[in-house]
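Notes follow once the structure below has been shown.
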Amino acid sequence: MDLLQLVVLAVVQGITEFLPISSSGHLVLVPLLTDWPDQGLRIDVAVHVGSLGAVVLYLWRDIGQMLGGAFTGWDQGPMGQPARRLVVLIAIATLPVIAAGVALSVIGTDGLRRLDVIAWTMLGFGVLLYVADQRCRNDRRLESLGVGGALIIGLAQILALIPGTSRAGITITAARWLGYERTEAARFSMLLSIPTILAAGGLLAKDLYELGELAVTQDAAIGALLAFVSAFVAIVLMMRWLRNASYTPFVVYRVVLGLILLALAYGG
């Protein structure tokens, strides 16, 4: 792959993965709006894995506590300890998208990687995020999240399989509808990304091993590293912003981009 294309893809992925503006949609847009060939799902997943490293670094305290809770205190029951309780809730929220992903792997999703699809999802789910962020309560913390709430967020995450929806965006939207604080919604969304990206990364590793394509492996490694750096910077800046502000700038970006893409898709 051309180095410039790889750099652009990795930086785009890193910046957009945890912002509610759809990393997958932007990755599809890059080849659609340039003369570059589609990079394919393997490179898409590789840069997602780089982003995973960034969220693990940023949330290392949460992850450390969750790992400790997963192996201790079972005499209190599966939901008895706060850290292990969060592990259970993340597992519950992850199951729906894994089941849907397996189904779509059989059906295929190439038909959804289109400009008009991304335009409508970018616009529609952007408006939905705005309504949730502005009209819903903003005082709940993750300590109050239960099985029902985790399942609702997990079911919403299925929609992220449609390019342009945004996994971060739809899970944050669901959490905001349930009344969780903006930073708490983003935090749970990032934690929820870990098992999803791990699963996709595992499939990538298996695919690359079976193909034995060294060039693809090198491209994937470079893309993952660049995505890691850009994703970490984006996470830090977003979380600082959300402590004192809303998701409105991300909504404005989505709506403007969605309208531009609609004009390109239907303007001939």
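Summarising the geometry of Leu89 relative to Leu145, their closest heavy-atom pair is CD1-O, 3.3 Å, with the distance given to 0.1 Å. Considering all non-hydrogen atoms of both residues, Val12 and Thr16 come closest at O-OG1, 2.6 Å. Taking both residues in full, the closest heavy atoms of Ala93 and Leu192 are given as CB-CD1, 3.5 Å, listed atom of the first, atom of the second, then distance. Across all their heavy atoms, Arg176 and Cys136 have their closest contact at O-CB, 3.1 Å. The two residues Ala10 and Ser230 have their closest heavy-atom pair at O-OG, 3.6 Å. Pairing each heavy atom of Ile90 with each of Pro195, the nearest pair is CG2-CG, 3.9 Å.
Taken to the nearest 0.5 Å, the CG atom of Leu128 stands 11.0 Å off from the CG atom of Asp133. Note: Asp35 CG to Asp2 CG = 11.5 Å, rounded to the nearest 0.5 Å. Glu184 CD to Ser144 OG: the interatomic distance, rounded to the nearest 0.5 Å, is 8.5 Å. For the atom pair Leu115 CG and Leu29 CG, the distance stands at 6.5 Å (nearest 0.5 Å). Atom CD1 of Ile21 and atom CG of Leu129 lie 11.5 Å apart (nearest 0.5 Å). Note: Ile15 CD1 to Ser51 OG = 10.5 Å, rounded to the nearest 0.5 Å.
The salt bridge (Lys or Arg N to Asp or Glu O under 4.0 Å) contacts involving residues 142-160 comprise Arg141-Glu143, where partners must be two or more places apart or lie in separate chains. The stretch residues 141-165 participates, sequence neighbours left out, in no ring pair (Phe, Tyr, Trp, His ring centres under 6.0 Å) pair at all. Legend: salt bridge (Lys or Arg N to Asp or Glu O under 4.0 Å) pairs involving residues 11-34, not counting sequence neighbours, sorted by first then second residue: Glu17-Arg167. The stretch residues 245-256 participates, sequence neighbours left out, in no salt bridge (Lys or Arg N to Asp or Glu O under 4.0 Å) pair at all. Residue pairs that meet the ring pair (Phe, Tyr, Trp, His ring centres under 6.0 Å) test with at least one member in residues 1-32, sequence neighbours left out, are His26-Tyr253.
Although no hydrogens or angles enter the test, the distance criterion places no donor-acceptor pair under 3.5 Å between the side chain of Gln13 and the main chain of Ala227. Checked by atom type and distance alone, the side chain of Trp241 never pairs as donor or acceptor with a backbone atom of Val236 at under 3.5 Å. The closest donor-acceptor contact from the side chain of Asn138 to the backbone of Arg182 lies under 3.5 Å.
Ser189 and Thr171 share a donor-acceptor pair across their side chains, judged by distance under 3.5 Å alone. Between the side chains of Thr248 and Gln134, at least one donor N or O lies within less than 3.5 Å of an accepting N or O.
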In a table with atom names and distances, give each donor-acceptor pair under 3.5 Å that connects a side chain of residues 52-71 to protein atoms at least two apart or in another chain.
residue, atom, partner, partner atom, Å
Asp62, OD1, Arg187, NE, 3.4
Asp62, OD1, Arg187, NH2, 2.9

Can you give me every donor-acceptor pair (side chain of residues 156-165, partner residue at least two apart or in another chain, under 3.5 Å) with its distance?
residue, atom, partner, partner atom, Å
Thr165, OG1, Leu159, O, 3.0
Thr165, OG1, Ile162, O, 3.0

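Using a 4.5 Å cut-off between side-chain heavy atoms of Ile, Leu, Val, Met, Phe, Trp and Tyr, Leu237 falls into a hydrophobic cluster with Val233.
Of the options Ile118, Leu32, Leu123, Thr121, a side-chain contact (heavy atoms from CB on, under 4.5 Å) to Leu261 is made by Ile118 and by none of the others.
In this structure, Arg137 places its CZ atom where more than 12 heavy-atom neighbours from other residues, nucleotides or ligands lie under 6.0 Å away. Enclosure of atom CZ in Phe228 by more than 12 non-hydrogen atoms of other residues, nucleotides or ligands within 6.0 angstrom is indicated. No more than 12 heavy atoms of other residues, nucleotides or ligands lie within 6.0 Å of CH2 in Trp120, so this atom counts as exposed by the packing criterion.
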- Item | Working for side-chain contact (heavy atoms from CB on, under 4.5 Å), residues Tyr130 and Val255 | CA-CA 10 Å; Tyr130 179 79; Val255 169; over 6 Å; no
- Item | side-chain contact (heavy atoms from CB on, under 4.5 Å) between Thr94 and Thr196, worked out | CA-CA 7 Å; Thr94 301; Thr196 304; 4.3 Å; yes
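The aromatic rings of Phe250 and Tyr247 sit tilted relative to each other, their planes meeting at an angle between 30° and 60°.
Among residues two or more places apart in sequence or in another chain, the side-chain contact (heavy atoms from CB on, under 4.5 Å) test is passed with Leu178 by Arg140, Ile152, Ile153, Tyr180. Remark: Leu3 engages Val7 in a side-chain contact (heavy atoms from CB on, under 4.5 Å) (not counting sequence neighbours). Listed by chain and number, the residues in a side-chain contact (heavy atoms from CB on, under 4.5 Å) with Ile260 are Val256, Leu264 (sequence neighbours excluded). Residues satisfying the side-chain contact (heavy atoms from CB on, under 4.5 Å) test with Thr183, not counting sequence neighbours, are Glu181, Met239, Leu242, Arg243.
Contact annotation: the side chain of Val47 approaches that of Leu27 to within less than 4.5 Å [non-hydrogen atoms, C-beta and beyond]. In this structure, Pro96 and Leu151 have side chains that are in contact, with non-hydrogen atoms separated by less than 4.5 Å. Counting only heavy atoms from C-beta outward, the side chains of Trp36 and Leu9 never approach each other to under 4.5 Å.
Note: the hydrophobic cluster containing Leu226 also contains Val8 (ILVMFWY, side chain heavy atoms under 4.5 Å, direct or indirect links). Hydrophobic clustering keeps Ile170 apart from Leu95 (ILVMFWY residues linked when any side-chain heavy atoms are closer than 4.5 Å, directly or through intermediates).
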